[in-house]
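In what follows, chains carry the letters A, B, and so on, assigned in the order in which the sequence lines appear, proteins first and then strands, with residues in each chain numbered from 1.
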Protein chains: 2
Amino acid sequence: MSDDSILALEAFLPYRLTRLTDAVSRDFSQAYRARLGLTRPEWRTLATLGQYGTMTATEIGTHSSMHKTKVSRAVAALEQRRWLTRKPDPGDRRVEQLALSKAGEKAYRDMVPVARGFEDDLLERMKPAERKALMEGLAALERAALNRS
Amino acid sequence: MSDDSILALEAFLPYRLTRLTDAVSRDFSQAYRARLGLTRPEWRTLATLGQYGTMTATEIGTHSSMHKTKVSRAVAALEQRRWLTRKPDPGDRRVEQLALSKAGEKAYRDMVPVARGFEDDLLERMKPAERKALMEGLAALERAALNRS
DNA sequence: TCGCCATGGTTACGGTTGCAACCAATTTGT
DNA sequence: ACAAATTGGTTGCAACCGTAACCATGGCGA
């Protein structure tokens, strides 16, 4: 019987999630920070454009869950690095179509195996049944936490 | 057969974790921010002292996974609010023993059911088998990700 | 067509963070 | 016993972030 007036922080779901995410995210960020000198918003923008080819800033934000100011600054940084180009949208002059340059695509191709390797290393430390449970549990939590209208 | 040269960001574990944690953490932070006007480091410090009674700043940081500067600033803020008191440690004059004041304890007691309610609401949106999978998967991922020496 | 609201995107600003430098007190090695 | 290294804790600084304000363009109703 546990004391109802005490909250065990180490068992509290929001705390466990942030601690876990901080650790995983920090470890992974070292991979692209050390390798490419990218910030996290820049990496996400690179990854989104690498995955989808051409997108607007708003679409990047929607797909990668980033605030539009983050996207704006990341796009500006990648553009300055010549990893990204802007093209005016012929149908709507508010919009710019964004795409990776050749150098940006190369950086993306370099990073994909690194990202896969990082994820694989992490998952290989778990038993198959544990991996299955994690995937199932995360999917359920995503349904529970993200789809709150 | 999927394209090996493309990384699906929405299926990438570090991304899924950060997105999930951002959502959960943001929702929960509204509870204590609106109710008590606390920042996240302040809430964690309150929760840690509420759970353990008396601790040093370093111990708080270890238990709640916070950088010592965060702890230092959170302690200063809680002290200014008169929710926390410092006592010199008789055996080591570098250290200060920290504890909640009466007002701090009251705030803690008020917050515990709110935190429990938040967690319960979230978990109730999941089926029992999904909850079980989540707990098992998170525990395994904690072993895999946090215990990297 | 004209006025008004919505949308895409950028920027200024205040607040938060982590790193590194720092001070004081303690421990360690010789 | 004393210099050097370590530890507890605070603070200055630069980078980063979200909010809100803003500009330009587009959509829409009267």
Side-chain angles (χ1 to χ4, degrees), chain A residues 18-19 21-23 25-30 32-34 36-45 48-49 54-81 84-99, chain B residues 18-19 21-23 25-30 32-34 37-45 48-49 52 54-81 84-99:
Chain A
T18 55
R19 185 169 47 127
T21 299
D22 282 354
S25 187
R26 176 172 305 239
D27 283 353
F28 177 55
S29 79
Q30 288 183 341
Y32 54 77
R33 185 159 294 162
L36 304 175
L38 291 178
T39 66
R40 205 175 60 162
E42 287 160 24
W43 150 252
R44 278 203 197 173
T45 300
T48 302
L49 287 177
T54 296
M55 286 185 113
T56 69
T58 299
E59 288 168 343
I60 292 174
T62 300
H63 182 257
S64 64
S65 304
M66 288 195 296
H67 192 271
K68 64 179 181 172
T69 61
K70 266 190 192 172
V71 176
S72 176
R73 292 188 256 245
V75 165
L78 291 177
E79 186 189 22
Q80 199 153 18
R81 224 181 250 250
L84 175 155
T85 58
R86 309 180 190 238
K87 280 189 190 169
D89 184 303
D92 185 339
R93 271 181 300 175
R94 293 170 302 181
V95 174
E96 285 180 309
Q97 295 294 336
L98 308 170
Chain B
T18 56
R19 184 168 46 127
T21 300
D22 282 354
S25 186
R26 174 172 308 237
D27 283 352
F28 178 54
S29 80
Q30 287 183 341
Y32 53 77
R33 184 160 296 162
L38 291 178
T39 65
R40 205 174 60 161
E42 287 160 24
W43 150 252
R44 278 204 198 171
T45 299
T48 303
L49 287 176
Y52 286 98
T54 296
M55 287 185 114
T56 69
T58 299
E59 288 167 344
I60 292 173
T62 300
H63 180 72
S64 64
S65 305
M66 289 195 294
H67 192 271
K68 63 179 182 172
T69 60
K70 265 191 195 172
V71 176
S72 175
R73 292 187 254 245
V75 165
L78 291 176
E79 185 189 23
Q80 199 155 16
R81 224 180 250 250
L84 173 156
T85 58
R86 308 179 190 237
K87 281 189 191 170
D89 184 304
D92 185 340
R93 273 180 298 174
R94 293 171 303 182
V95 173
E96 286 180 308
Q97 295 294 336
L98 308 170

*Measure the shortest side-chain to side-chain distance between A/L38 and A/R81 over non-hydrogen atoms and say whether it is less than 4.5 angstrom.*
yes
*With rounding to the nearest 0.5 Å, note down the distance linking OG1 in B/T56 to CD in B/E96.*
10.5 Å
*Distance check: side-chain N/O of B/R86 vs OP1/OP2 of D/dT10, anything under 4.0 Å?*
yes
*Nearest-Å distance, CZ (B/R40) to P (C/dT17)?*
8 Å
_Given A/T54, A/I60, A/T48, A/T45, the one that forms side chain to side chain contact (heavy atoms under 4.5 Å, CB included) with A/L98_ = A/I60
*Could you state the atom-to-atom distance from CG of A/L98 to P of C/dG9 in whole Å?*
7 Å
*Does a side-chain heavy-atom distance below 4.5 Å link B/T58 with B/K68?*
no
*Kindly assign one of parallel, tilted or perpendicular to the pair A/W43 and A/F28, based on the angle between their ring planes and the thresholds 30° and 60°.*
perpendicular
*asked:* Could you tell me how far apart B/L38 (CG) and C/dT16 (P) are, to the nearest whole angstrom?
replied: 12 Å
*Kindly state which residues belonging to residues 72-81 of chain B come within less than 4.0 angstrom of DNA chain D, counting heavy atoms of the residue only, listed by number.*
B/S72, B/R73
What's touching nucleotides 1-8 of chain D from the protein side, N or O pairs under 3.5 Å?
unit_1 : atom_1 : unit_2 : atom_2 : d
D/dT7  : O2     : B/R94  : NH1    : 2.8

*Whole-Å distance between D/dT10 P and B/R93 CZ?*
17 Å
*Given C/dC19, is OP1 or OP2 found less than 4.0 Å from the side-chain N or O atoms of B/H67?*
yes
*Nearest 0.5 Å, what's the OG1-CD distance between B/T62 and B/E59?*
7.5 Å
*asked:* In this structure, how many angstroms lie between the P atom of C/dT11 and the NZ atom of A/K70, rounded?
replied: 18 Å
*Would you mind reading off the distance between A/I60 atom CD1 and C/dG8 atom C1', rounded to a whole angstrom?*
13 Å
*asked:* Nearest whole Å is fine: how far is C/dT16 P from B/W43 CH2?
replied: 18 Å
*Does A/S29 reach the main-chain N or O of A/R26 with its side chain, forming a donor-acceptor pair under 3.5 Å?*
yes
*Send over the distance from A/D22 CG to C/dG18 P, rounded to a whole Å.*
8 Å
Return all side-chain donor-acceptor pairs below 3.5 angstrom for residues 71-79 of chain A, not counting sequence neighbours, or 'none' if the list is empty.
unit_1 : atom_1 : unit_2 : atom_2 : d
A/E79  : OE1    : A/R86  : NE     : 3.0
A/E79  : OE1    : A/R86  : NH2    : 3.1
A/E79  : OE2    : A/R86  : NE     : 3.1

_Separation of B/L84 CG from B/E42 CD (nearest 0.5 Å)_ = 10.5 Å
